[in-house]
Amino acid sequence: MAKFPLETIRHSASHLMAAAVLELYPDVKFDIGPSTEDGFYYDFDFGTAKLTPEDLVKIEEKMTGLAAEKLPLTRFELTREEAVKLLTEKKQNFKLERLADIPEGEAISFYQLGNFVDLCRGPHVDNTGDIGAFKLTSIAGSYYRGKESNPMLTRIYGTAFEKKAELDEYVTRLEEAKRRDHRKLGKELDLFDIFDEGPGFPFFFPKGMILRNTLEDFWRKEHAKAGYEEVKTPMILNQELWHRSGHWDHYKDNMYVVKIDDEDYAIKPMNCPGGMLVYKRKPHSYRDLPERMAELGLVHRHELSGALHGLMRVRCFTQDDAHIFMTPDQIEEEIEGVVRLIDKFYKVFGFKYNLELSTRPEDSMGTDEQWETATNALVKALNALGKEYEINEGDGAFYGPKIDFHLEDSIGRTWQCGTIQLDFQMPERFDLTYVGQDGEKNRP
């Protein structure tokens, strides 16, 4: 059994890296250095200095030297006044701001590694000899606290493992990822690219369009077979619509807005409100339901520049979307139908996937009863299909719980792709109705 958890080893490796950086760049300013799923990172302010991949080699060599010294990682606590004095003397303004986040009465702990002292809860390994095998992997820009109005910091990524063989296996996987990187292949095969003139906005070239159109033709045929009718909703709709749908209150920071005839409009970040208007255009009877509408809708979302990643994280993309309007007693059967349709698509391309049921988030709309009904309906459908799934507490959409499909790529990484969301809120907000068997207006 490992002496220390992998998370502790990686967190300690981030401190080792920071200590090495301090020796090489004595005026550096520090922000945070957590462990991550794949390794660790630390955010630095190097002033006017610009780091290069060659600098990573120097930092890694310095880390190796410090690791060999088996320096202890020593914990100590200070009062708030003592902590302010220490960080002020060291001119660590970012750490002073982080200190202000610690609630009154909570212990203020630091860890020392050689000349490096860090405001940190821990835990850590006993000494740098316990960190095992490590490697620095990349450099990126990162806004302080993730806000574009704040200073841009330099984020250095790395990874660490208990044993060198595990690190070697990981490095091999990284090299394979570079070889298969869709951004590289997109350029080499002349399919698509993203230019400086539009970060996060992809350009598709003739060969790329042949692929897209082939996929869309397949999509249309399969949806027609499954009883869907295709619609197209506008890309720009007025602000009132987004207030009505609830997106303005929950999502406006991710929306692009525009003035038209002195009125506020937004470029759609999702297709749902438009789909509600399509349903609402005419009266419905229970005999018309379920009504399955499908849309290839171009949506725009403001993603932070540091989060952009090829075609996997962009600022505009086409959602192969569907809106199914149904009676309460049709819910389970319709969800099962969508799971089967998604499964059919993924099997064609050989994708493996796992399922997650994401439950009610803190900033949700609707009643406890609605959320319980919706969540139970998703659980029943998954159980009826015999599908294994994990619960992802609190990660549902603000308007309803969802089933997420996490696809595995060619080197074992997972990406959240397909999603099924059960929404009781939009029909309420848009006052959607159908005439039931009782002759009365009911809510779909």
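- Classified by interplanar angle (parallel below 30°, tilted 30° to 60°, perpendicular above 60°), the ring pair Trp248/His243 is tilted.
- Residue pairs meeting the salt bridge (charged side-chain N to carboxylate O under 4.0 Å, His left out) criterion with at least one member in residues 240-254, sequence neighbours excluded, are Glu240-Arg244.
- Taking 4.0 Å as the cut-off between side-chain N and carboxylate O, Asp431 and Arg443 count as a salt-bridged pair.
- Sorted by first and then second residue, the ring-ring contact (aromatic ring centres under 6.0 Å, His included) pairs involving residues 296-316 (not counting sequence neighbours) are His182-His309, Tyr256-His302, His309-Trp415.
- A cation-pi arrangement is not found for Arg10 relative to Phe40, the charged atom failing to lie both closer than 6.0 Å to the ring centre and inside a 45° cone about the ring normal.
- Looking at residues two or more places apart in sequence or on another chain, you find a side chain to side chain donor-acceptor pair (under 3.5 Å) between Gln425 and Gln370.
- Using a 4.0 Å cut-off between charged nitrogen and carboxylate oxygen, Glu106 and Arg121 count as a salt-bridge pair.
- Checked for salt-bridge contact, Arg75 and Glu77 meet the test: a charged N lies under 4.0 Å from a carboxylate O.
- Both the sub-6.0 Å distance and the 45° axial angle are satisfied by Arg212 relative to the ring of Phe204.
- With respect to Glu229 and Arg292, no salt bridge is recorded, no charged nitrogen being found less than 4.0 Å from a carboxylate O.
- Ring geometry for Tyr228 versus His223: interplanar angle over 60°, hence perpendicular rather than tilted (30 to 60°).
- With sequence neighbours left out, His323 forms a ring-ring contact (aromatic ring centres under 6.0 Å, His included) with no residue at all.
- Using a 4.0 Å cut-off between charged side-chain N and carboxylate O, Lys402 and Glu356 make no salt bridge.
- Looking at every heavy atom in both residues, Ile335 comes nearest to Ile420 through O-CD1, 4.4 Å.
- Every residue meeting the ring-ring contact (aromatic ring centres under 6.0 Å, His included) condition with Tyr279, not counting sequence neighbours, appears here in chain and number order: His284, Phe325.
- Proximity of a side-chain donor or acceptor of Glu332 to a complementary backbone N or O of Val379 within less than 3.5 Å is not detected.
- By the 30° and 60° cut-offs, the orientation of the rings of Phe195 relative to Phe203 is tilted.
- Taking the six-membered ring where the residue is Trp, Phe44 and Phe46 present tilted rings, their angle falling between 30° and 60°.
- Among residue pairs with one or both ends in residues 191-201, none qualify as side chain to side chain donor-acceptor pair (under 3.5 Å); sequence neighbours excluded.
- Shown here are the side chain to side chain donor-acceptor pair (under 3.5 Å) partners of Arg429, two or more places apart in sequence or in another chain: there are none.
- Contacts of Tyr143 classified as ring-ring contact (aromatic ring centres under 6.0 Å, His included), with partners at least two apart in sequence or in another chain: none.
- Considering only residues two or more places apart in sequence or on other chains, Glu188 meets the side-chain contact (heavy atoms from CB on, under 4.5 Å) condition with Lys184, Leu185.
- Under the side chain to side chain donor-acceptor pair (under 3.5 Å) criterion, Lys347 pairs with Asp343, sequence neighbours left out.
- Under the ring-ring contact (aromatic ring centres under 6.0 Å, His included) criterion, no residue pair touches residues 419-442, with sequence neighbours excluded.
- Partners of Ser14 according to the side chain to side chain donor-acceptor pair (under 3.5 Å) rule, which considers only residues two or more places apart in sequence or in another chain, do not exist here.
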